[in-house]
Asks: 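Let me give you the structure first, and then I'll get to my questions.
Every chain is numbered from 1, with letters handed out A, B, ... down the list of sequences. Predicted, not measured: the structure shown is a model, and the values here were computed from it.
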Amino acid sequence: MKILFFGTPRFAEIILQGLLDHHFDVVGVVCQNDKPAGRGKKMKSPHIVELAHNHNLPVYQFEKIREHIDDFKAMDYDLAVTASYGKILPKNFLDIKPCINVHPSMLPKYRGATPIQSALLNGDTTTGVTIMKTEVGMDDGDIFVQKQVQILPEDDYVSLLDKLANVGLELLVDTLKKIENGTAKRTPQDDSKATFVKLIQKEDALLDFSCNVENLVNKVRAFAESPVAFFFLGDDRIKVYKARVFSKETNGKIGEILSTKKHFLIQAKDGVFEILKCQSAGGKVLDASAFLNGYHFKTMVEGV
RNA sequence: CGCGAGGUAGAGCAGUUCGGAAGCUCGCCGGGCUCAUAACCCGGAGGUCACAGGUUCAAAUCCUGUCCUCGCAA
């Protein structure tokens with residue numbers, strides 16, 4: 001069975017690597033276009049391109065799929081597999097050959113672009129992965145199989161994505177084998193229970209200390225890779241990579257810095273928020289203790 | 001040539017404007033105090049001030065070039 005793989009970010013990379021490790025016959029990789037990235041606006045390929053090249057797989061980066069329908073018709077493949085490709089596939093493409101998708105949530109919950117972040121933001125303790133048929137609608141195709149995954153308190157976007165991708169791979173391999181031997185079954189989703197999650201805006205990552213501490217910590221977890229939760233210390237924009245709930249005390253004023261010694265504590269609405277890893281503009285990502293050693297708190301109130 | 005910040009002790013930073021003895025906080029080592037401590041006190045080790053060249057009686061500091069790190073934007 002010849003597989004045409006669609007995927008762009010790390011989640012897709014893990015799945016693709018796994019398919020290759022399991023010796024599936026991947027005949028090509030379709031991913032998003034190169035984009036200008038980093039300082040100096042140099043064009044940069046998605047990381048998955050390197051993986052594809054290492055295995056001598058042809059890479060296709062089409063601006064619009066619908067303008068390349070004939071190209072796809074000319075390709076020799078039996079099944080398209082998508083894993084966070086990043087673009088919506090049009091009907092005339094899906095009509096060519098069957099297509100299945102790996103989605104990191106327990107569908108019909110969290111249809112859309114940001115299921116992993118959403119689970120973390122909402123403080124869920126479980127999520128999952130679904131293998132489904134790709135249809136025109138957003139993540140609404142029939143389900144082949146799905147599996148729950150625990151979310152640990154210490155999980156963030158990076159670690160959870162890793163877990164979900166690996167479980168997704170396992171389910172995908174299983175499903176592909178069943179499709180090959182004709183034993184694959186699928187059941188429709190219950191659309192009435194569907195929920196949708198939107199794209200993340202940069203401003204979503206701003207930490208508002210008048211929120212509950214758990215929400216703040218969940219933001220840090222959900223946005224750990226990008227765009228990274230942040231707040232302003234005077235004029236300095238501080239990115240927070242790791243944080244936790246320090247206590248449920250509410251003795252300080254909201255937004256007040258309660259300690260800059262050993263612990264970096266800020267009063268939130270219903271508890272104390274502790275920053276464990278952060279970064280100021282121009283600096284590296286530091287443990288809170290290192291950050292506190294040299295940072296000059298000018299206008300902020302110090303306590304303890 | 002998109003905009004900007006930075007490289008000084010193991011870590012994080014000040015010092016650079018205006019050249020004139022290498023500093024701070026933390027960590028580390030040793031000692032003291034304490035029932036005890038992420039506490040406090042005393043002492044100590046640890047630096048080619050990113051690299052190269054230039055100016056100068058004298059350069060972390062001024063000039064030129066190179067390398068590296070990071071924030072924004074996309």
Side-chain angles (χ1 to χ4, degrees), chain A residues 7-13 31-50 59 61-64 84-88 113-114 117 154 156-158 198-209 213 216-217 219-249 251-252 255-268 271-304:
Chain A
T8 305
R10 196 170 81 253
F11 184 82
E13 239 181 300
C31 68
Q32 300 243 36
N33 286 332
D34 291 0
K35 287 178 181 171
R39 283 158 232 111
K41 66 160 190 178
K42 278 164 280 189
M43 293 300 278
K44 197 172 180 184
S45 300
H47 203 236
I48 199 169
V49 170
E50 190 184 329
V59 173
Q61 293 171 282
F62 298 134
E63 179 64 36
K64 289 184 191 296
S84 77
Y85 169 55
K87 286 174 186 275
I88 293 174
T114 56
Q117 293 95 326
E154 60 267 30
D156 65 5
Y157 178 77
V158 178
K198 296 176 213 162
L199 282 170
I200 292 164
Q201 305 299 321
K202 192 151 289 187
E203 65 193 42
D204 296 337
L206 175 64
L207 296 171
D208 174 1
F209 295 108
V213 240
L216 296 172
V217 171
K219 261 191 186 182
V220 172
R221 295 202 293 155
F223 302 147
E225 182 173 79
S226 171
V228 184
F230 68 95
F231 68 102
F232 287 97
L233 245 187
D235 293 330
D236 294 337
R237 182 189 163 110
I238 308 294
K239 292 165 85 168
V240 182
Y241 285 83
K242 201 173 176 189
R244 64 168 185 161
V245 176
F246 182 76
S247 75
K248 299 296 276 183
E249 291 168 34
N251 300 326
E256 181 182 359
I257 296 179
L258 301 173
S259 171
T260 58
K261 196 176 184 182
K262 301 289 177 192
H263 294 278
F264 194 174
L265 306 177
I266 297 178
Q267 181 70 59
V272 177
F273 180 74
E274 177 174 13
I275 294 168
L276 299 171
K277 265 186 207 281
C278 62
Q279 176 185 38
S280 60
K284 294 178 180 175
V285 179
L286 300 176
D287 287 339
S289 59
F291 178 87
L292 294 172
N293 260 330
Y295 191 81
H296 299 294
F297 290 87
K298 291 167 188 146
T299 58
M300 307 305 291
V301 184
E302 289 193 37
V304 181

Asks: Ignoring hydrogens and angles, tell me if any N or O in the side chain of S280(A) forms a donor-acceptor pair with the backbone of I238(A) under 3.5 Å.
Replies: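 No, because the side chain of S280(A) does not come within donor-acceptor range (under 3.5 Å) of the backbone of I238(A).
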
Asks: At less than 4.0 Å, is any side-chain N or O atom of K239(A) found next to OP1 or OP2 of C72(B)? Yes or no.
Replies: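 Yes, within the criterion.
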
Asks: Report the distance from atom CZ of R237(A) to atom C1' of G4(B), rounded to the nearest whole Å.
Replies: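 Distance, rounded to whole Å: 14 Å.
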
Asks: With rounding to whole Å, what would you report as the distance between U61(B) and U48(B) at their P atoms?
Replies: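 Here U61(B) and U48(B) have their P atoms 16 Å from each other.
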
Asks: Hey, is the main chain of V285(A) close enough, under 3.5 Å, to the side chain of K239(A) for a donor-acceptor pair?
Replies: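 Pair absent, no side-chain N/O of K239(A) close to backbone of V285(A).
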
Asks: Distance check, P atoms only: U16(B) and C62(B), in whole angstrom units.
Replies: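 It comes out at 9 Å once rounded to the nearest Å.
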
Asks: Got a list of protein N/O to nucleotides 39-41 of chain B N/O distances below 3.5 Å?
Replies:
none

Asks: Donor-acceptor pair, K219(A) side chain versus L206(A) backbone, under 3.5 Å?
Replies: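 Indeed, once roles are kept as given, a pair shorter than 3.5 Å links the two residues.
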
Asks: Side-chain N or O of Q279(A) less than 4.0 angstrom from OP1 or OP2 on C70(B)?
Replies: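 So the side chain of Q279(A) is outside the cut-off, no N or O lying under 4.0 Å from OP1 or OP2 of C70(B).
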
Asks: Distance check, C1' atoms only: G46(B) and G2(B), in whole angstrom units.
Replies: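 Approximately 43 Å lies between the C1' atom of G46(B) and that of G2(B).
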
Asks: On RNA chain B, nearest-nucleotide positions of K41(A) versus G38(A): which is more 5'?
Replies: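 With K41(A) and G38(A) compared, the 5'-side residue is K41(A).
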
Asks: Quick check: any donor-acceptor pair below 3.5 Å linking the side-chain of R39(A) to the base of G71(B)?
Replies: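 Under the 3.5 Å cut-off, the side chain and the base do form a donor-acceptor pair.
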
Asks: K42(A) near the nucleic acid: base, sugar-phosphate alone, or nothing, with a heavy-atom cut-off under 4.0 Å?
Replies: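 The answer is nothing, as K42(A) stays clear of every strand by at least 4.0 Å.
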
Asks: Among A73(B), U69(B), C26(B), find the nucleotide with the atom closest to the side chain of K202(A).
Replies: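 Between A73(B), U69(B), C26(B), the one nearest the side chain of K202(A) would be A73(B).
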
Asks: Any donor and acceptor pair, going by atom type alone, linking the side chain of S84(A) with main-chain N or O of F11(A) inside 3.5 Å?
Replies: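 No; zero donor-acceptor contacts below 3.5 Å.
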
Asks: If we ignore hydrogens and angles and just use 3.5 Å, is the side chain of E274(A) paired with the main-chain N or O of F264(A) as donor and acceptor?
Replies: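 Absent.
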
Asks: Quick check on RNA chain B: between G40(A) and A281(A), whose nearest nucleotide comes earlier from the 5' end?
Replies: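 Its nearest nucleotide lies further toward 5', so the answer is G40(A).
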
Asks: For U64(B), what is the paired nucleotide under Watson-Crick or G-U wobble rules, both distances under 3.5 Å?
Replies: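 Looking at the geometry, U64(B) pairs with A52(B).
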
Asks: Once you apply the 3.5 Å cut-off to both distances, tell me the Watson-Crick or G-U wobble partner of G27(B), or none.
Replies: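 With both distances under 3.5 Å required, G27(B) matches none.
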
Asks: Donor-acceptor pair, distance only, cut-off 3.5 Å: does the side chain of D287(A) make one with the backbone of S289(A)?
Replies: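 Looks like no, no N/O pair under 3.5 Å.
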
Asks: Choosing from G12(B), A14(B), A74(B), which nucleotide comes nearest the side chain of H296(A)?
Replies: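 That would be A14(B).
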
Asks: Could you check how far CG of L276(A) sits from P of G12(B), rounded to whole Å?
Replies: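 Interatomic distance, CG of L276(A) to P of G12(B): 18 Å.
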
